[in-house]
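For reference, the structure I am asking about is given below.
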Amino acid sequence: MTNNDILSGLNPPQRKAVETVNCPVLILAGPGSGKTRVITHRIAYLVNILGIRPYQIMAVTFTNKAAREMRERLSALSPDTVKDITLGTFHAICVKILRQEAENLGLNRDFSIYDADDQLKLVKEAIKNCGLDSKNYTPGSLLSKISHTKSRLLSPEESALQGGSYYDEIAAKVYSNYQQLLEKNNALDFDDILLKTLRSLSSRPDILKKYQQRYLHILVDEFQDTNLVQYELVKMFSALNCNLCVVGDPDQSIYSWRSADIRNILNFEKDFPESETIMLEQNYRSTACILDAAQSIIDSNQERKPKNLWTKNDTGEKLKVLEAYDQREEARIVIREIENLTDNLNTPLGDIAVLFRTNAQSRAIEEAFIRHGIKYRLAAGTKFYERREIKDVICYLKYIFNPHDYLSLLRIINIPPRNIGKNTIESLKRWAYSIGTSEGEALLSLKSFDKDDTNNAFTPRSFRLLKDFSSNIGELMEMAQEMRITELLDRVLERVNYKSYLLTQPDGEDRWQNVLELKSVAQQYNDYSPSEGISAFLESVSLVSDTDNLGDGREGATLITLHQAKGLEFPYIFIIGLEEGLLPHYRSMDDPWQMEEERRLCYVGITRAKKGVYLLRAFKRMLMGTTQSNPPSRFLKDLPDNIVTGNQYGKEKIRTAGFNLHHRSKNETGEKPYFLPGKSAPHKQVKESKAQNIIGLKAGNKVRHPQFGEGIVVSIKPVEGDQEVVIAFNGDQVVLKRILLSYARLEKL
DNA sequence: AAAGCGTTTATTTTT
DNA sequence: TAAACGCTTT
């Protein structure tokens, strides 16, 4: 591999991004600007040209998928590098370090990793422990508050000292208790994995130094999505050598609600005054039209670094802005346009993605796709590791691996049913308390106790049931010391009769197949030593989401949220639901900061497209059980006229088509207003409405429509704030159309 | 344990 | 609208 191989084919800024290696570097990479290419070439440059050992490089990504992709591309460029480089997600890298250094840091290396589900259970428990009524304190909101607090590096004590509202006080109490519970279970949640690494290493400079010396170069992808803890980690690791290279695009920061802090990237230059900033502005993905549209939408944001995206690509087709009557028509229009693409332009379905703000929106599209026999794949919904049978089996392993893990024990203690009910569990808890240990340990201890020595903690029946289970699991724990992971799995399944249990359940056969699939996943860890194998397997199960498994099965159209679409690209993109309240979402309406994130979300969506963009909205739609009618998204209005086409009636009309009348009529009729009082209505009032022009239209009247021509009014009925007219148009054949009066520029004849 | 019933709630979810 | 939850009943 020569200098030339690595640098040729890069444009000047890309090349600079690869070659600037002796100071902190900020790479602002616009969408489609060859970001991954730059990172992989930079690593190859470090290794093959500068002779840095791969062992001394750390490359951090946000998803396992990104890590995998980077590994693949890097191995094509510099095959030997991938063996020794530290390349993974923040979480994966930190777990490795924690396990590696457990002894030095005074940690138990067999910790469990708790996912969102587990966390929620602990929060509920914590709420109970604090003597609070979970009716008044929803576990979910407390959990997210706790997570935000952790991401801001605050301990329970510190957050208690912060003061604040009554609710904050409660949250601090629950946080404290929650943290104790984690500790008791010898478990870390996702935040802890990072926090623990940061805290324990910074309190042990001697150990930290080892890592600081080792990592001569650190690269971070998607830097706009880092939270404070991650930023501090990166700073900590790079403090000695200062060769930190961060890559990202502030305009694509869409995870603030998960504590991602866009200021990390916006203020990078201030934090590292000696850093160099490199802008990657040439786009290789999209047509000029699409790029223009994206740029004109993002330009309205205040809190951003201006960028000048450009491309050598063709101008391409204009963006199609299409208006539908309701969500069903919206779906029909999507299908109409998809069929046009596939039938007339020979576009494979796999080239098409439909993007939406909320998962609920996919329903109408799915139904229509099914009706029309259009194949699709839904990004959400393939949650392998969330299946009950998978969780069951994994919890057996988790408990075997970490006997303090009461949460996992609780899940399996009576699955398959072994008559261990609430009372028996209560007695186990009492017993654990009385001997001063965790429930999990207490259960195991039973095998060396006689009923008479347990201080009447148990009824004879409870004791027998628990002891049986205890010795069964105890033996499995011994086997875990000397068996390969798949063997152990087999023993577990066999010992507890899991298969025959599953087969008594609905869909048992399918679910058993899932278990077998899990076993085949485990097979990858058979080369490890027994204890390493179970640890690595559990780690991968805990840290890898299966959304990764969306895979490249590109036979059907892709249905996906705007958030999930980040990082992907498709020749054709449909964004649906471009309405005030949906995109931008109503929860962001009263906060300019959040509104900017909605705008970024829209920007992310549009920049996914290579060739064509369709932007759809519905005049009314069913949302949360009520029919809502919301104005067109403000984002539509930012698109310059010369790059859009479609069935919209021009921008003025979008603004004036009488939508505000709908709002008003809703409030007057006592319906729940969509925009809650106090939240600003998004649009200035404009009174004019076409509907006024043809007051007194009746069935039987002759009318002319600008597109459909002459027709006869079949019926007319009032709908909220408007009139719905059914008209029979007589073209080649008679066609019935349902039309809203305020839209249709009808002429009475 | 499971089934039935009323109540509550509804944005996004890289690890 | 519809699903998820928690409580009561069988």
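Chain identifiers are assigned alphabetically (A, B, ...) following the order of the sequence lines, protein sequences preceding nucleic acid strands; residue numbering begins at 1 within each chain.
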- May I have the distance from A/K121 (atom NZ) to C/dA4 (atom P), rounded to whole angstrom? 16 Å

Each nucleotide N or O in nucleotides 10-12 of chain B that has a protein N or O under 3.5 Å away: list the pair and distance.
unit_1, atom_1, unit_2, atom_2, d
B/dT11, OP1, A/R587, NH1, 2.8
B/dT11, OP2, A/Y586, OH, 3.3
B/dT11, OP2, A/R587, NH1, 3.3
B/dT11, O4', A/H585, NE2, 3.0
B/dT11, O2, A/R357, NH1, 3.1
B/dT11, O2, A/R357, NH2, 2.0
B/dT12, OP1, A/N359, N, 2.7
B/dT12, OP1, A/N359, ND2, 3.0
B/dT12, O4', A/R357, NH2, 3.4
B/dT12, O2, A/W257, NE1, 3.1
B/dT12, O2, A/R357, NH2, 2.7
B/dT12, O2, A/H563, NE2, 3.4

- Query: In residues 219-228 of chain A, which ones come under 4.0 Å of DNA chain B, going by heavy atoms?
  - Reply: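 Contacting residues: A/D225.
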
- Message: Is there a salt bridge (Lys or Arg N to Asp or Glu O under 4.0 Å) between A/R285 and A/E569? Walk through the geometry before answering.
- Response: CA-CA 8 Å; A/R285 178 186 297 152; A/E569 60 175 31; 2.7 Å; yes

- Message: Whole angstroms only, please: what is the CE-P distance between A/M622 and B/dT9?
- Response: 21 Å

- A/K566 NZ - B/dT13 P separation (whole Å):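 Value for this atom pair: 12 Å.
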
- In whole Å, what is the span from the NE2 atom of A/H91 to the P atom of B/dT13?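 One finds 17 Å between P of B/dT13 and NE2 of A/H91, rounded.
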
- Hey, would you say the A/W257 and A/H563 ring centroids sit under 6.0 Å apart? yes

- Within less than 4.0 Å of OP1 or OP2 of B/dT15, is there a side-chain N or O belonging to A/N64? yes

- Task: Please check if the distance between the ring centroids of A/Y498 and A/Y501 is under 6.0 Å.
- Result: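 Yes, the ring of A/Y498 comes within the 6.0 Å limit of the ring of A/Y501, centre to centre.
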
- Polar side-chain atom of A/T607 near backbone of A/Y603 as donor-acceptor pair, under 3.5 Å: yes

- Message: Suppose we call two aromatic rings close when their centres sit under 6.0 Å apart. Are A/F223 and A/F268 close by that rule?
- Response: yes

- Message: Taking A/E596 first and then A/R599, would you say they form a salt bridge - that is, a charged N and a carboxylate O separated by under 4.0 Å?
- Response: no

- Item | B/dT12 versus C/dC5 - spacing of their P atoms, nearest Å |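 Here B/dT12 and C/dC5 have their P atoms 15 Å from each other.
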
- Nearest non-hydrogen partners of A/V544 and A/N64, listed with the distance: CA-ND2, 3.5 Å

- Query: Contact class for A/R621 vs. all strands (heavy atom < 4.0 Å): base, sugar-phosphate, or nothing?
  - Reply: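 Answer is nothing: A/R621 stays at 4.0 Å or more from every strand.
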
- Query: Nearest heavy-atom pair of A/A368 and A/A331: which atoms, and what distance?
  - Reply: CB-CB, 3.6 Å

- Item | Salt-bridge present (A/E222, A/K35; N to O < 4.0 Å) | yes

- Rounded to whole angstroms, how far apart are CZ on A/R418 and P on B/dA1? 12 Å

- Note on the structure: A/I560 atom CD1 is separated from B/dT14 atom P, nearest whole Å, by 10 Å

- Task: Report the distance from atom CG of A/L120 to atom P of C/dA4, rounded to the nearest whole Å.
- Result: 14 Å

- Message: Need to verify one output field. Residue with the more 5' nearest nucleotide on DNA chain B, A/F90 or A/P417?
- Response: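 With A/F90 and A/P417 compared, the 5'-side residue is A/P417.
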
- Item | Whole-Å gap separating P (B/dT14) and CD (A/Q252) | 17 Å

